[in-house]
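Here the structure comes first, spelled out in structure tokens, and everything after it is commentary.
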Amino acid sequence: MQRNWIGRSEGAWVNFHAEYPQPEPCRGAACCAHPAPIRIFTTRPDTLWGATFMVLAPEHPLVDALTTPELAQAVADYRFQASRQSEIERLAVNKDKTGVFIGAYAINPVNGARVPIWIADYVMMAYGTGAIMGVPAHDERDFAFALKYALPILPVIQRTDGLAKSYVYPAAVRPGLPQALAAAGLAFEQQNGHTFVTLQGLDQVNAYIDIVRAHLLPGYWVSIVGAAFAFLFDDGIMHLDSAESDAAILARCQTLLRDHGLTHSSALRARTAMELLWTVQFYHDALFHADYGEMINSGAFTGTPGDAAGTPAQAEYSQPAKKKVTDWLAERGIGGREVTYKLRDWLISRQRYWGAPIPMIYCNKCGIVPVPEADLPVLLPDDAQFMPTGESPLIYHEGFRNTTCPVCGGPARRETDTMDTFMCSSWYHYAYISPYYKGSVPWDPAAGAYWLPVDQYTGGIEHATMHLLYTRFFTKVLRDLGLVPFDEPMVRLFNQGIILGEDNEKMSKSRGNVVNPDDYVSTLGADSVRAFLMFIGPWEEGGSWSSTGIEGIYRFINRVWNTALEAPEQAAAAPTEEEIADLLRITHKTITRVTDDFERFQFNTALAALMEFSNALIKAKDTAVYGSAAWQEAIRTMVLMMAPIMPHVAEELWERLGGEYSVHTQAWPAYNAELAADRVLTLVVQINGKVRGRVELPADVDEETAKAAAMENPNVLRHLEQQQVVKVLYVPGRLVNIVVRGGGSG
RNA sequence: GCCGAAGUGGCGGAAUGGCAUACGCGGUGGUCUCAAAAACCACUGAGGGCAACUUCUUGUGGGUUCGACUCCCACCUUCGGCACCA
């Protein structure tokens with residue numbers, strides 16, 4: 001997610017020189033903005049030959065200088081509209097592309113083509129250079145824009161799927177076309193005499209061209225799109241490979257339409273060859289693609305392969321065409337490699353009240369002056385007036401705004417923009433180490449060495465991109481400054497899930513499924529609520545609330561209470577050694593399980609282990625072990641392990657059992673592997689992976705004995721009849737798997 | 001569209017490549033009670049069988065393996081986040 005947020009894009013910058021509308025005598029670089037080239041960023045330099053227009057963001061600084069006087073008003077109107085649109089946060093999701101021509105032209109540096117310059121709000125000033133080249137044949141947005149505003153669309157990259165399509169008008173050909181297509185093995189469909197052909201690869205395209213030319217009637221044409229863009233006429237083929245051919249094709253087709261008296265055809269309204277093709281619904285998915293294919297119609301670069309098969313996707317400039325063109329641009333000084341990031345620095349300068357003030361002062365005499373360290377921190381005023389102006393209330397707070405210049409003592413004003421709250425939350429964990437530390441560095445280095453980096457971060461997934469991304473950046477800066485010796489602020493991250501309502505939906509007032517924990521705290525106790533939240537499911541996944549589920553936890557707590565405090569009715573005899581060993585075994589097995597689960601944040605299974613332990617204790621209570629030293633250890637261990645989950649009940653039980661205050665400061669129970677070890681184990685016996693029996697054996701059984709015992713199991717023997725044993729596998733402590741092959745009777 | 005997480009009984013869920021369904025909820029039967037609730041005990045994936053036992057089952061389809069909920073490939077569905085990013 002963070003990778004996506006940072007949005008690293010590898011591409012190229014390219015300079016386009018503009019023809020300015022009013023060529024004034026220019027006195028050189030220091031004179032004016034006019035000679036500045038328009039710099040664009042693209043991830044597809046290999047499509048440069050297909051750039052048929054340019055688009056600048058409406059706020060682009062060169063717009064004013066480039067706009068012709070006749071279009072100045074239209075441009076100003078559009079810019080005003082665009083600026084209002086960003087205010088309503090671009091509500092429309094897939095809105096129509098809009099834009100206006102500003103009257104100026106730029107020169108495509110690779111082929112000298114003169115391309116119009118537009119402004120459009122689909123280009124954003126904040127990303128890249130705020131200017132793009134429009135390559136409509138290979139960029140979805142540019143395609144939509146060009147189609148709408150009749151800009152030429154020229155394919156310069158071959159499709160990688162080889163798809164080509166052709167539509168044939170019924171009257172355009174003489175009879176026999178379907179038969180000829182079928183004979184050549186070409187795929188097509190017919191509807192009411194209209195023929196829809198789908199081709200694969202250039203060989204099929206060429207075969208198809210021959211067939212069509214043999215059947216085409218004078219005065220008609222047939223088009224092919226996709227792997228090839230060609231228009232077949234009775235006297236030849238025209239390829240859509242330049243702005244000139246675009247115009248020529250369009251003119252010829254429309255003349256033919258008029259000759260046939262089709263004055264109402266939508267094709268007559270088409271302003272480009274591509275728009276003419278767009279009138280055929282069947283063509284829509286073949287007119288545009290963004291593949292890394294071989295370069296076509298690209299001068300000397302035509303034929304350069306696009307994708308390099310077998311190259312790891314992470315490799316820089318792994319597409320040969322992209323690399324070759326970029327290097328060529330760099331050699332000629334008109335472009336070069338560039339990496340761009342989506343992530344914007346919007347932590348500083350926000351026009352709102354909440355956030356740390358930026359400690360800067362504007363003085364008419366001294367310029368921008370930092371607030372002296374002794375006067376830090378600059379605090380927000382308590383009495384700011386919030387008014388519906390859309391601006392920060394700090395602007396209108398005279399007491400805050402007006403100050404004196406720390407350099408000259410004259411009247412000055414404070415910066416009224418603030419920093420985003422992420423600015424503070426990105427490093428508070430460093431500040432918290434020693435909040436009142438006074439020294440030349442931000443925190444006590446000794447305390448930092450002890451506490452940092454943070455061992456465990458717990459938070460919601462909603463912080464995965466913003467907060468966690470910024471805090472990582474802060475830490476990398478602190479590292480570069482030599483303040484911390486590590487790279488990442490937190491050693492381990494854990495996102496807790498969301499607890500849903502009883503109906504498996506997110507809790508919300510409108511759904512009426514909000515659970516108020518206080519209701520349950522007052523009846524079942526805070527420990528029940530806390531424990532149930534931990535028991536619902538994996539901590540990172542959250543889960544659904546259940547009003548009956550929490551009663552199960554309440555019952556569990558009661559059972560433990562009764563087990564620990566109430567004596568059984570019958571007086572106990574002396575326990576056997578085996579009974580004691582059994583109790584100690586389950587005690588120590590539970591210690592490992594619960595300890596491991598806590599370390600992995602698997603609270604639900606830790607609780608399940610405690611429940612199993614409790615069930616075992618309830619059974620043991622009716623035996624002679626009750627009251628023995630092992631029993632005391634088991635009960636105390638139970639209470640100690642409950643403490644993090646049910647702190648109040650655990651404290652109360654601990655005291656009643658004679659423990660020293662507090663249970664929460666006791667050492668965690670120690671695990672003894674010897675006591676936890678099984679004396680007897682149950683081996684599963686499988687035949688070809690299917691369980692056919694179980695054998696109980698001493699824990700220290702050797703492989704041969706185990707295999708032999710497995711083979712003697714009655715049910716196993718039954719399944720071995722008529723079978724040939726191929727192999728016997730032994731997994732110590734777990735199972736024996738007998739691999740057999742069907743024999744005899746079969 | 002892109003990124004991320006997840007699909008297992010009636011429900012929430014458990015399982016270092018080795019007994020699928022632990023634990024809890026719900027359900028059924030029982031004990032206690034005049035009765036009910038609570039508590040306690042037993043059973044509880046589906047099909048077949050009197051039973052021993054057996055077949056099927058972890059979203060779908062393939063693969064690796066003696067053995068796959070778990071690993072690999074393709075797909076489907078759900079949820080969360082981002083989205084005109086050139």
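Computed from heavy atoms alone, side chains included, the values below leave out hydrogens, waters and symmetry copies.
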Least distance between heavy atoms, A606(A) atom then D597(A) atom: N-OD2, 3.2 Å
P-based separation of rC79(B) from rG12(B) [nearest Å]: 15 Å
Interface residues of residues 132-142 of chain A with RNA chain B (non-hydrogen, below 4.0 angstrom): I132(A), R141(A)
Partner nucleotide of rA74(B) by Watson-Crick or wobble geometry (both distances under 3.5 Å): rU60(B)
Any N604(A) side-chain N or O less than 4.0 Å from OP1/OP2 of rG24(B): no
rC2(B) and rC84(B), which share atom name P, separated by this distance in whole Å: 15 Å
Whole angstrom value for the distance that separates P of rG18(B) from CG of N688(A): 19 Å
Span that lies between the P atom of rA52(B) and that of rU44(B), in whole angstrom: 12 Å
Side chain proximity check, T471(A) to L468(A), heavy atoms < 4.5 angstrom: yes
Identify all pairs in which a protein N or O lies below 3.5 Å from an N or O of nucleotides 54-58 of chain B, and state each distance.
| unit_1 | atom_1 | unit_2 | atom_2 | d |
| --- | --- | --- | --- | --- |
| rU54(B) | OP1 | R692(A) | NH1 | 3.2 |
| rU54(B) | OP1 | N715(A) | ND2 | 3.1 |
| rU54(B) | OP1 | H719(A) | NE2 | 3.3 |
| rU55(B) | OP1 | R692(A) | NH2 | 3.1 |
| rU55(B) | OP2 | R692(A) | NH1 | 3.1 |
| rC56(B) | OP2 | K690(A) | NZ | 2.8 |

Options rC66(B), rC84(B), rC19(B), nucleotide nearest the side-chain atoms of N737(A): rC66(B)
Whole angstrom value for the distance that separates P of rG13(B) from CZ of F601(A): 19 Å
side-chain N/O S546(A) vs rG24(B) OP1/OP2, d < 4.0 Å: no
Out of rC84(B), rG13(B), rC23(B), whichever nucleotide has its closest atom nearest the side chain of E612(A): rC23(B)
Counterpart base for rG18(B), defined by Watson-Crick or G-U wobble contacts under 3.5 Å: rC66(B)
F556(A) CZ to rA38(B) P, straight-line distance once rounded to whole Å: 20 Å
Options rA15(B), rG12(B), rC84(B), nucleotide nearest the side-chain atoms of F535(A): rG12(B)
Proximity to the side chain of M611(A) - top-ranked nucleotide from rC85(B), rG24(B), rA14(B): rG24(B)
C1' atoms of rC3(B) and rU58(B), separation to the nearest Å: 27 Å
Y292(A) side chain to H138(A) side chain, donor-acceptor N/O pair below 3.5 angstrom: no
Steps toward side-chain contact (heavy atoms from CB on, under 4.5 Å) verdict (K324(A), M295(A)): CA-CA 11 Å; K324(A) 215 172 149 186; M295(A) 292 175 72; over 6 Å; no
d(CG, N615(A); P, rA39(B)) in whole Å: 14 Å
Distance-only side-chain donor-acceptor flag, T98(A) / Y122(A), under 3.5 Å: no
Distance between P atoms of rA6(B) and rU54(B) (Å, rounded): 36 Å
Rounded distance in Å - CD (E551(A)) to C1' (rG12(B)): 15 Å
Aromatic ring proximity W539(A)/F603(A), centre distance under 6.0 Å: yes
rC72(B) versus rG18(B) - spacing of their P atoms, nearest Å: 15 Å
Value in whole Å for how far the C1' atom of rC19(B) lies from OH of Y730(A): 15 Å
Sugar-phosphate, base or nothing in reach of S544(A), heavy atoms under 4.0 Å: nothing
Per K97(A) side chain, nearest of listed nucleotides rG13(B), rC84(B), rC19(B): rC84(B)
Complement of rA42(B), any strand, by Watson-Crick or G-U distances under 3.5 angstrom: rU28(B)
Closest nucleotide among rC85(B), rA6(B), rA14(B) to the M124(A) side chain: rC85(B)
Parallel, tilted or perpendicular: ring planes of F301(A) versus W328(A), cut at 30 and 60 degrees: perpendicular
Identified pairing partner of rG1(B), criterion: Watson-Crick or G-U wobble below 3.5 Å: rC82(B)
Residue whose closest nucleotide on RNA chain B lies nearer the 5' end, L607(A) versus A131(A): L607(A)
Spacing of the P atoms in rC11(B) and rC75(B) (rounded, Å): 29 Å
D678(A)/K589(A) ion pair, N-O < 4.0 Å: yes
Distance-only donor-acceptor check, side chains S9(A) and Y127(A), under 3.5 Å: yes
Residue pair W49(A) / D46(A): nearest heavy atoms and the distance that separates them: CE3-O, 4.5 Å
Side chains of R555(A) and N558(A), donor plus acceptor under 3.5 Å: no
G552(A) vs P538(A), nearer the 5' end of RNA chain B by closest nucleotide: P538(A)
Touch class at under 4.0 angstrom, heavy-atom based, for V123(A) against every strand present: base
Candidates rC25(B), rG18(B), rC66(B) - which lies nearest the side chain of L729(A): rC66(B)
Nearest-angstrom distance, C1' atom, rA14(B) to rU70(B): 13 Å
Presence of R559(A) side-chain N/O under 4.0 Å of rC40(B) phosphate oxygens OP1/OP2: yes
Sugar-phosphate, base or nothing in reach of V739(A), heavy atoms under 4.0 Å: sugar-phosphate
Glycosidic class, syn or anti, of rG67(B) using a 90° window around 0: anti
Nearest-neighbour nucleotide for the V731(A) side chain, rC41(B), rG18(B), rC84(B) considered: rG18(B)
Note: R8(A)-E10(A) ion pair, threshold 4.0 Å (strictly below): yes
Below 4.0 Å: OP1/OP2 of rC25(B) and any side-chain N or O of R555(A): yes
Complementary nucleotide for rG12(B) - Watson-Crick or wobble, under 3.5 Å: rC23(B)
Euclidean distance, atom NZ of residue K148(A) to atom P of rC84(B) [Å, nearest integer]: 17 Å
Test: D582(A) and R585(A) ion pair at under 4.0 Å: yes
Proximity to the side chain of T605(A) - top-ranked nucleotide from rC19(B), rC23(B), rA14(B): rA14(B)
Ring centres under 6.0 angstrom apart (F53(A), F145(A)): yes
Among rU16(B), rG13(B), rA22(B), the one nearest R734(A) by side-chain distance: rU16(B)
Whole-Å distance separating the CZ atom of R8(A) from the C1' atom of rA86(B): 16 Å
